[in-house]
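The block underneath contains the structure these notes are about, expressed in structure tokens.
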Amino acid sequence: MSKRRSQGSRIPSSHTQHDASSGPEPVAGHDDAEGPTDQPADAAVQRRWKLIVSGLVLFHLLAVGLPPLAFQTFSLDGPSPLVGTLIRPFAGYGQFLHMDRGYAFFAPDPGPSHLIQAASTNDDGTLTERMYPDRHDQWPRLLYHRHFMLAEFLNESYWPPGPPDEMFQSDRPAAELWQQRRGRYEWIRQSMVDHLRSVNDGREVAIRRLEHGLPGLQEFSEEPIALDDPRLYNVLLDQPIFSDEIAPAPVTTEVIPAPEVGADAGANPDAGERPASGSPAPNAPPAEPSTLNAEPQS
């Protein structure tokens, strides 16, 4: 019985031994003549994907970093030619994702903010004022942020009246560019006036720009003041500038009282709608020229 078991368990030598003359057995994924075939292909695919992903990450980082650089290098002569050339391939991508912003209003040096003071004339001749933005008036927060961006956009679009007549003889392209920028600002300003007039039952409306500054570190150390102190608010006049001199306003100014900041306005410097008298507050700067009949220059 033991003999039969040993014979039955015997395996033919053809299945257990390999002919030495045939060489080593082939291994999966290898070619006897060229060596491994799968690993180089996989490495090439991985390298290609790494390059693609790295390029996309670099493209995104440049799209994030170049708009603030373009904002900081913008001057009265326009954007920086170098930065303008660099940012051109990323402009559409940045606008689509809403990343084309300057971020200059963030720390550590946010700079001044800008507001729009609007006044509508009531039937009895009094004025009703409103500030944009006003976090107590515009709610929810997204609506406040929308008005905040509109006020900043109006100030960013500003261009003084002009140009001087002699500029057409000395530098006509610059004079035409001046006219285009001034016309763009007047169109933007007038569109805001028309909208405010439509939501105020067709009453006459005038607006002006305000700048809300911040005290410097040394000034604040010497005399700590509140952020809503009236001294930090300035009316931005719309006047032509010739040879670094401020010329008189070319048209009749609209009387808009200065913003009331203090005990009556509370902690909010931009207290919303309130009736106002027809004369400016004491020590108030002159108002911006009327925007009721602004016609952009060609």
Side-chain angles (χ1 to χ4, degrees), residues 63-84 86-87 91 94-95 97-118 130-138 141-160 181-182 184-185 188-189 192 207-239 241 244 246 256 258-262 265 267-272 283-288:
V64 173
L66 285 176
L69 181 61
F71 180 83
Q72 295 296 338
T73 56
F74 191 90
S75 64
L76 294 178
D77 297 329
S80 168
L82 176 60
V83 179
L86 293 176
I87 201 175
Q95 292 176 1
L97 295 181
H98 203 64
M99 298 187 305
D100 52 338
R101 294 295 176 264
Y103 311 112
F105 46 84
F106 290 122
D109 185 15
S113 62
H114 301 91
L115 306 95
I116 297 176
Q117 184 184 17
R130 207 166 187 176
M131 284 290 189
Y132 300 94
D134 182 356
R135 60 188 178 89
H136 295 291
D137 189 25
Q138 290 99 42
R141 188 72 173 185
L142 184 60
L143 185 60
Y144 163 83
H145 184 266
R146 176 61 177 167
H147 288 84
F148 160 71
M149 295 303 297
L150 286 173
E152 291 291 342
F153 176 67
L154 178 66
N155 182 76
E156 181 183 354
S157 305
Y158 176 75
W159 199 260
R181 291 176 174 175
R182 176 64 185 181
R184 176 176 178 267
Y185 165 72
I188 295 172
R189 181 184 63 181
M192 295 183 178
I207 65 174
R208 66 180 179 184
R209 298 173 299 118
L210 299 179
E211 183 176 79
H212 181 196
L214 293 176
L217 178 60
Q218 183 177 358
E219 299 172 354
F220 187 80
S221 300
E222 296 175 353
E223 182 185 1
I225 60 175
L227 294 180
D228 58 353
D229 190 282
R231 290 171 292 178
L232 298 178
Y233 290 84
N234 295 312
V235 176
L236 299 178
L237 301 178
D238 183 21
Q239 292 183 340
I241 301 177
D244 297 331
I246 300 179
I256 302 179
E260 297 179 5
V261 182
N268 177 29
D270 306 329
N283 301 325
E288 185 177 4

Exercise: identify the closest heavy-atom pair between [X] and [Y]:
{"X": "Ala226", "Y": "Leu232", "result": "O-CD1, 3.5 Å"}
{"X": "Phe220", "Y": "Pro215", "result": "CD1-CG, 4.1 Å"}
{"X": "Pro67", "Y": "Val64", "result": "CD-O, 3.7 Å"}
{"X": "Leu115", "Y": "His212", "result": "CD1-CB, 3.7 Å"}
{"X": "Ala151", "Y": "Pro133", "result": "CB-CD, 4.2 Å"}

Enter the distance from [X]:[atom1] to [Y]:[atom2] here, rounded to the nearest 0.5 Å.
{"X": "Met131", "Y": "Leu210", "atom1": "CE", "atom2": "CG", "result": "5.0 Å"}
{"X": "Ile116", "Y": "Arg208", "atom1": "CD1", "atom2": "CZ", "result": "13.0 Å"}
{"X": "Leu66", "Y": "Asp100", "atom1": "CG", "atom2": "CG", "result": "12.0 Å"}
{"X": "Tyr185", "Y": "Leu154", "atom1": "OH", "atom2": "CG", "result": "5.0 Å"}
{"X": "Tyr158", "Y": "Arg182", "atom1": "OH", "atom2": "CZ", "result": "5.5 Å"}
{"X": "Arg181", "Y": "Arg184", "atom1": "CZ", "atom2": "CZ", "result": "9.5 Å"}

Would you find a donor on one side and an acceptor on the other, under 3.5 Å apart, between the side chain of Gln138 and the backbone of Asp134?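 The answer is yes, because a donor-acceptor pair under 3.5 Å joins these two groups.
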Within the structure provided, determine whether His114 and Leu236 are in side-chain contact (heavy-atom separation under 4.5 Å).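 With C-beta onward as the side chain, the pair touches.
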If you define the side chain from C-beta out and look only at heavy atoms, does anything of Leu227 sit under 4.5 Å from Leu214?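 Yes. Closest side-chain heavy atoms under 4.5 Å.
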Can you classify the ring geometry of Phe148 versus His145 as parallel (below 30°), tilted (30 to 60°) or perpendicular (above 60°)?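 Tilted: the ring planes of Phe148 and His145 meet at 30° to 60°.
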Keeping to residues at least two apart or across chains, list the salt bridge (Lys or Arg N to Asp or Glu O under 4.0 Å) pairs with something in residues 215-227.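 Residue pairs with at least one partner in residues 215-227: Glu223-Arg231.
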